[in-house]
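Worksheet: one structure, shown below.
Because only heavy atoms are used, hydrogens play no part in the values below, and waters and symmetry mates are left out as well, while side chains stay in. Numbering starts at 1 and runs along the sequence shown. All of these numbers come straight from a predicted model, not from anything done at the bench.
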Amino acid sequence: MKLSRPVSWFLLAFGVWSWFIWITFVKNLSKDGSGLAFDDAGDPTSYFWVHLLLAITSFLLGTVVGVIGLRGIRALRREALAE
């Protein structure tokens, strides 16, 4: 399958954006003082574990999508150089 230049850049940007957003979220989650992420004893709650799992999944998906976009951009550049 051949990706267009705009689609490749969009996928790469989506991957970078996903990492930026979820890293910020995990930092905020680890510093949570509202009682949602950690109980009174300081132990992680179910809320913490579910959201950490969501973040890890988003990191993985963002990485896959970003790599697909990067490979599309690189393929288009190789094709342009070959012409």
- Message: Tell me whether Leu54 shares a hydrophobic cluster with Leu36, the cluster being built from Ile, Leu, Val, Met, Phe, Trp, Tyr side chains joined at under 4.5 Å.
- Response: yes

- Going hydrophobic residue to hydrophobic residue with side-chain gaps under 4.5 angstrom, can you get from Val65 over to Leu3? yes

- So which pairs with a foot in residues 51-71 pass ring-ring contact (aromatic ring centres under 6.0 Å, His included), sequence neighbours left out? Trp19-Phe59, Phe25-His51, Tyr47-His51

- Who are the side chain to side chain contact (heavy atoms under 4.5 Å, CB included) partners of Ser4, not counting sequence neighbours? Pro6, Val7

- Sequence neighbours excluded, the answer for side chain to side chain contact (heavy atoms under 4.5 Å, CB included) partners of Ser30 is none

- Keeping to residues at least two apart or across chains, list the salt bridge (charged side-chain N to carboxylate O under 4.0 Å, His left out) pairs with something in residues 3-20. none

- Query: When you measure from the side chain of Ser18 to the backbone N and O of Phe14, does any donor-acceptor pair fall under 3.5 Å?
  - Reply: no

- Residues at least two apart in sequence or cross-chain that pass side chain to side chain contact (heavy atoms under 4.5 Å, CB included) with Phe20, listed by chain then number, are Trp17, Thr24

- Task: For the residue pair Leu76 and Ser8, establish whether any side-chain heavy-atom pair is separated by less than 4.5 Å.
- Result: yes

- Note on the structure: Residues passing the ring-ring contact (aromatic ring centres under 6.0 Å, His included) test with Trp49, sequence neighbours excluded, are none

- Note on the structure: Residue pairs passing the side chain to side chain donor-acceptor pair (under 3.5 Å) test with at least one member in residues 70-79, sequence neighbours excluded, are Lys2-Glu79

- Under 4.5 Å between side-chain heavy atoms, hopping through other hydrophobics if needed: is there a path connecting Val64 to Leu70? no

- Smallest heavy-atom separation, Leu11 atom then Gly69 atom, equals CB-CA, 3.7 Å

- Task: Using the salt bridge (charged side-chain N to carboxylate O under 4.0 Å, His left out) rule, collect all pairs that involve residues 32-50, keeping only residues at least two apart or in two chains.
- Result: none

- Message: Restricting to side chain to side chain contact (heavy atoms under 4.5 Å, CB included), what partner residues turn up for Phe48, sequence neighbours left out?
- Response: Leu29, Ala37, Phe38, Pro44, Thr45, Leu52

- Within one Ile-Leu-Val-Met-Phe-Trp-Tyr cluster: Leu60 and Ile23, side-chain cutoff 4.5 Å: yes

- Interatomic distance, CD1@Ile73 vs CG@Leu12, rounded to 0.5 Å, equals 4.5 Å

